[in-house]
Amino acid sequence: MTQTDQPDRIALRRALVSVYDKTGLVELGRALHEAGVELVSTGSTARTLAEAGLPVTSVEQVTGFAECLDGRVKTLHPLVHAPILADRRLASHREQLAALGAEPFDLVVSNLYPFTETVASGATPDECVEQIDIGGPSMVRGAAKNHPSVAIVTSPDQYPELVAALAEGGFTLTQRRRLAAAAFAHTAAYDVAVASWFSSGLGAADEEAFPVFAGATWERASVLRYGENPHQGAALYRSPGGAGLAGAEQLHGKEMSYNNYVDTDAALRAATDHQAPAVAIIKHANPCGIAVGADVAEAHRRAHACDPVSAFGGVIAVNRPVSVEMARQVAEVFTEVVVAPDYEDGALAVLTAKKNIRLLRCPVGARSDTEMRAVSGGLLLQQVDHVDAEGDDPSSWTLAAGQAADEATLADLVFAWRACRAVKSNAILLAADGASVGIGMGQVNRVDSCRLAVERAGTERARGAVAASDAFFPFADGPQILLDAGVRAIVQPGGSVRDAETVAAAEAAGVTMYLTGTRHFFH
Ligand SMILES: NC(=O)c1ncn([C@@H]2O[C@H](COP(=O)(O)O)[C@@H](O)[C@H]2O)c1NC=O
């Protein structure tokens with residue numbers, strides 16, 4: 001095999017066009033035709049072009065074979081694939097192509113059957129299988145492999161670049177390489193979707209939530225200035241078509257940093273656990289204030305009041321549009337990020353007057369069912385800890401000590417229980433009137449978390465507050481700190497071998513204690 005040089009730009013003379021998504025097809029076909037490109041095309045793609053008055057050669061004319069098996073075999077033929085795969089730098093390939101009487105393709109335009117959309121539509125397994133494209137990926141991969149000789153276009157989004165290349169006399173090698181990379185990413189994502197769908201339901205019934213193959217593909221959304229620390233590089237990746245924080249719209253402010261993303265994700269987790277207007281203020285992935293209120297301005301005032309010192313430089317999430325009143329309050333405090341489903345008229349004007357604040361618009365959407373965490377050499381996959389487990393409904397709680405809570409106390413306990421889920425373990429959260437007043441987070445023993453929560457609340461705010469613990473108290477020492485501080489009710493999962501001691505301590509203090517039976521560790 002001897003290799004000859006090839007010009008950087010390869011003129012586009014012959015194109016194979018086979019697309020499921022016909023968006024922009026006629027306009028593209030016209031542009032190709034006007035530039036003198038011969039069009040070769042499959043079934044309904046050829047019909048669409050012909051109906052627009054464009055001359056088109058059908059693949060069947062090229063191969064001498066009719067499309068068969070309901071379209072399962074259209075382009076799978078040497079007279080289609082040899083002209084895609086012939087490396088024209090090689091004399092032997094050029095000679096073999098000539099011997100076949102075949103002309104090379106300079107361009108392949110193909111997009112694939114909509115497999116993911118078909119699965120999402122609730123189609124039957126047979127219908128989903130039928131939408132697994134075979135011929136398309138073969139052409140796409142062939143053209144991408146042979147990018148020194150062929151350009152591959154896989155999305156209508158790339159048509160403007162193709163039209164521009166026609167005017168330039170073809171794509172450059174650099175462009176063809178970039179198109180090939182996009183094409184392989186496209187078929188890789190396609191195959192991951194197919195493999196994931198196939199492997200779900202193959203395990204035992206009790207393992208069904210965890211497919212035997214777990215695949216995911218992400219697209220780089222942005223390269224960040226640095227990672228958790230300045231000496232670490234970092235980038236943000238987004239699931240294709242994914243919503244959530246990675247797809248949030250930034251309306252104002254400096255570029256988001258790695259730590260901004262981590263804190264904003266924690267803030268969203270904290271603020272979206274509540275039905276009422278809620279605000280969470282996060283520092284270092286932990287809340288320094290969470291509150292609900294009659295409106296977001298009230299919720300923000302009360303969340304801020306929990307720990308005004310720590311709220312400096314915080315990340316604020318809110319589960320309703322930001323009002324002008326809330327915006328004015330936020331503008332008073334140095335804040336890194338605000339994330340909200342929207343901003344009411346005038347609220348943006350107030351906030352954008354602050355040069356450095358980052359403002360994100362992120363719809364409050366359904367969070368995914370599973371979450372991943374990398375460990376060395378692998379990955380942990382778990383179902384997301386939503387606060388809608390059976391034990392999160394107060395009607396299922398067991399009264400273990402003291403009097404049944406009155407309505408207001410129960411409402412505070414429910415709030416504290418939900419808010420506690422957003423605090424890193426060991427988590428103790430004191431709350432009053434729908435607002436956290438003292439949070440003990442991330443300690444390596446629960447007694448220190450109790451101490452910290454009480455200390456943060458201060459004597460006055462701790463007295464008469466309610467307390468929530470994300471997991472059971474292993475000893476009575478932690479709750480004793482809460483009882484000594486004067487809390488009026490405690491909610492915790494229960495389940496310790498020493499529950500009786502903890503319950504007895506609450507009973508002795510005349511304090512209400514509920515057991516939820518559900519734990520909300522957050523590490
Ligand atoms: N079977 C084949 O040989 C084949 N060749 C191309 N396709 C796909 O058929 C679609 C285009 O078909 P039509 O032009 O008939 O609408 C494209 O999405 C293309 O990826 C095929 N279909 C499925 O594998």
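One is the number of the first residue; the rest follow in order along the sequence. Atoms within each ligand, like the ligands themselves, are counted from 1 in listed order. Below, all heavy atoms of this structure are taken into account, side chains as well, without hydrogens, waters or symmetry copies. The structure presented is a predicted model; accordingly, all values stated were derived computationally and were not measured.
The side chain of K22, and not its backbone, has at least one atom closer than 4.0 Å to an atom of ligand 1 (non-hydrogen atoms only; side chain from C-beta on). The proximity of S110 to ligand 1, defined as any non-hydrogen pair under 4.0 Å, is limited to the side chain.
Side chains of R14 and V40 form a contact here, defined as non-hydrogen atoms less than 4.5 Å apart. The shortest distance between side-chain heavy atoms of M139 and L16 falls below 4.5 Å. Between R361 and Q250, the closest side-chain pair of non-hydrogen atoms is not below 4.5 Å.
At most 12 non-hydrogen atoms from other residues, nucleotides or ligands lie less than 6.0 angstrom from OH of Y258.
Among the atoms of I132, none of the N or O lies under 3.5 angstrom from an N or O of ligand 1. Every N/O-N/O distance between E67 and ligand 1 stays at or above 3.5 Å. Annotation: A46 places no N or O atom under 3.5 Å from an N or O atom of ligand 1; distance criterion only.
Listed by atom number, the atoms of ligand 1 under 4.0 Å from V73 heavy atoms are 1 (N), 3 (O). Here is the list of ligand 1 atoms found below 4.0 Å of a heavy atom in Y20: 17 (C), 18 (O). Numbered from 1 in the order shown, with element, the atoms of ligand 1 that lie under 4.0 Å from a heavy atom of L76 read 3 (O). Here is the list of ligand 1 atoms found below 4.0 Å of a heavy atom in I134: 23 (C), 24 (O).
In the model, K22 has a side-chain atom that pairs as donor or acceptor with a side-chain atom of S44 under 3.5 Å. Using a 3.5 Å distance cut-off with no hydrogens or angles, the side chains of T172 and D8 do not pair a donor with an acceptor. Counting only N and O atoms by type, the side chains of N259 and S257 include no donor and acceptor under 3.5 Å apart. A side-chain donor from one of S58 and Q61 sits under 3.5 Å from a side-chain acceptor of the other.
Stacking of R13 on the aromatic ring of F105 is not recorded, the 6.0 Å distance cut-off and the 45° axial limit not both being met.
Regarding atom 1 (N) of ligand 1, its nearest protein heavy-atom neighbour is R72 O, 2.6 Å. Annotation: atom 23 (C) of ligand 1 to nearest protein heavy atom, D133 OD1, 3.2 Å. Remark: minimum distance from atom 16 (O) of ligand 1 to any protein heavy atom is reached at S44 OG, 2.4 Å. Of the protein's heavy atoms, N111 O, 3.4 Å lies nearest to atom 17 (C) of ligand 1. When hydrogens are left out, the protein atom nearest atom 10 (C) of ligand 1 is Y113 CE2, 3.5 Å; that is the closest non-hydrogen contact.
Residue contacts with ligand 1 include M139, since one of its heavy atoms falls under 4.0 Å from the ligand.
Pairing each heavy atom of G71 with each of E67, the nearest pair is CA-OE2, 3.6 Å.
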